[in-house]
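What you see below is based on every heavy atom in this structure, not just the backbone, and it leaves out hydrogens, waters and symmetry mates. In what follows, chains are A, B, ... by sequence order, proteins preceding strands, each numbered from 1. These numbers were taken from a predicted model, which means no experiment stands behind them.
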Amino acid sequence: MSVRTRFAPSPTGYLHIGGARTALYCWLQARRHGGQFILRVEDTDRERSTDAAVRAILDGMRWLGLDYDEGPVFQTARLARYQEVARGLLDAGKAYWAYETREEIDAMRAAAMARGEKPRYNGHYRDLGAPCRDDPNRVLRFKNPLAGSVLFEDAVKGRVEWRNEELDDLVLIRSDGYPTYNFAVVIDDIDMRISEVIRGDDHVNNTPRQINLYHALDAPLPRFAHLPMILGPDGQKLSKRHGAVGVMQYREDGFLPQALLNYLVRLGWSHGDQEIFSRAEMIALFDIGDVNQSASRFDAAKLSWLNQHYLKTMDPAELAPELRWHLLRAGIEPAGGPAPEDVIVALRERVHTLRDMAERARIWYAPIGAWDEQAVAKHLGADGARDALLAVHARFAALATWTPEQVHAAISATATALGVGMGKIAQPLRVAITGTAVSPAIEHTVFLAGRREALARIEAALARTG
RNA sequence: GCUCCCAUCGUCUAGCGGUCUAGGACGUCGCCCUCUCAAGGCGAAAACACGAGUUCGAUUCUCGUUGGGAGCGCCA
């Protein structure tokens, strides 16, 4: 039987970290086994679903490179199908109409709580055989088995068992005619021949009642896999403050999809001591059965480390368009400045994100904005600084070709000629070119400015030292 | 309150009864390298929640305690 998985987000918000990992695992499981991956949008909540959220989810999937073989399928397009199945269940005596008001239901739950029980619907209409009539409170409920228990083998949690007494008669069709989540998923997963239902841990509690529905529908059970939650750094549920932002925000913040995917794949899954996984390796090694059972915390520091790893190891040419995108975002005009590829080589060991890289690249695309007066005083005002700048300026002007190697040779020759260490030349030069005492290797710092600009900045610095 | 799930360094994890004086990675700290900042190299500190069993032997199995998480909707 072929492996078919689906990612089924509800369009009530952006695609966040937890959803992205679920999508990744579903995708990996399908790719690993040569199966199909389906995207299904669960939009039956008409109150909260929005088109903007649908777009955000689609954008996030595309940015991460999680391509799907079928879909997106919208549940609202399948309403007739849900009605049809509901009718069948009703005719078979496996479902019934109920007419309690919300207040009555609330009272029922409160009473159960007071008795020390779980808040549940009491099945009042279950055997009344009430006909279908027009009523604002009309809902179709499922006749959940009264006795016995539901047992299933979860691919990550192992054996899970529930007593039917714990379950109540869930609503299948709401008063507005739309199916509820539990009803729609089951029908869709059956119709789409989903072989493995991979979803968040928060759905385990729904699984037994869904299994009862599968039985009522006489359908074969898929394999279930419930992924442990991703918690915030403080061990609490992910909130806006930490991590619960849309994946596209990570792009804005300068992260690479490779890094995010690599981080996510290792959160809850591992393959020995390996930390770095290319897309191909993930596909080759991943198996849903190897996923951990315990919740994990989101660690921004490790994500940063991974991001820098990819920054350092990826081909600069591949990174260049991304850097250009961030430069523009930062209000920096790349045209006329150094090639982004060269900037990447100079900065990638010094920053963790493309956004930081763009910010630090500003000195080569725009005039020095602010001078670090302390650095100016210390390095431009140092003994010999003026002579060093004068000498290096002359050598730069005389260089046959303008390359980092030639620039380095010129600085080195200047140091030798003046009988001083590299630092005596590099630091004043660094301040002259950047206005600060911190920048990439001096030859790159100078090279990236371009010969004309480098000479001009040295002259300006010389003027400052008076 | 009730039900379900989880429990190895600060964090992510390896471990699937003896190989554990518990391994790796991020982070932290120290040293080296060095034109600044990084990156890199080397090294250090750092964990089996607790209590009973089972067993010749438990980090590994069982039960309980404690702690955490999830769910208990006409949301998904």
- Does the side chain of A:Asp43 pick up a donor-acceptor pair with the side chain of A:Thr76 at under 3.5 Å? yes

Under the 3.5 Å rule, do the base of B:C12 and the side chain of A:Glu275 count as making a donor-acceptor pair? no

Rounded to whole Å, CD1 of A:Ile276 lies from C1' of B:C12 at a distance of 13 Å

Do A:Ile368 and A:Ile433 come close enough that some side-chain heavy atom pair is under 4.5 Å? no

> Does B:C6 have OP1 or OP2 sitting under 4.0 Å from an N or O in the side chain of A:Gln293?
Replying inline: yes

Rounded to whole Å, CG of A:Asn144 lies from C1' of B:G73 at a distance of 16 Å

Closest of B:A76, B:G71, B:U36 to the A:His203 side chain is B:A76

Across all chains, not counting sequence neighbours, the salt bridge (Lys or Arg N to Asp or Glu O under 4.0 Å) partners of A:Asp356 are none

Taken to the nearest whole Å, CZ/A:Arg163 to P/B:C4 is 6 Å

So A:Ser270, base contact, sugar-phosphate only, or nothing? Heavy-atom distance under 4.0 Å.
sugar-phosphate

Testing B:C35, B:A70, B:A14 for proximity to the side chain of A:Ala426, the answer is B:C35

Ranking B:C4, B:A7, B:A76 by distance to the side chain of A:Asn206, first place goes to B:A76

Each nucleotide of nucleotides 39-51 of chain B classed B (base within 4.0 Å of a protein heavy atom), S (only sugar-phosphate) or -, in 5' to 3' order, makes SS-----------

Taking only the side-chain nitrogens and oxygens of A:Arg109, find out if one of them lies under 4.0 Å from OP1 or OP2 of B:C74. yes

Ranking B:C35, B:C12, B:C72 by distance to the side chain of A:Met422, first place goes to B:C35

Testing B:G71, B:A7, B:C72 for proximity to the side chain of A:Pro119, the answer is B:C72

Heavy-atom donor-acceptor pair, A:Ser294 side-chain to B:C6 base, under 3.5 Å:
no

| query | If only side-chain N and O atoms of A:Thr44 are considered, is one of them under 4.0 Å from the OP1 or OP2 phosphate oxygen of B:A76? | reply | yes

side-chain N/O A:Asn182 vs B:G73 OP1/OP2, d < 4.0 Å
no

query: So, is A:Asn205 near the phosphate of B:U3, with a side-chain N or O under 4.0 Å from OP1 or OP2?
result: no

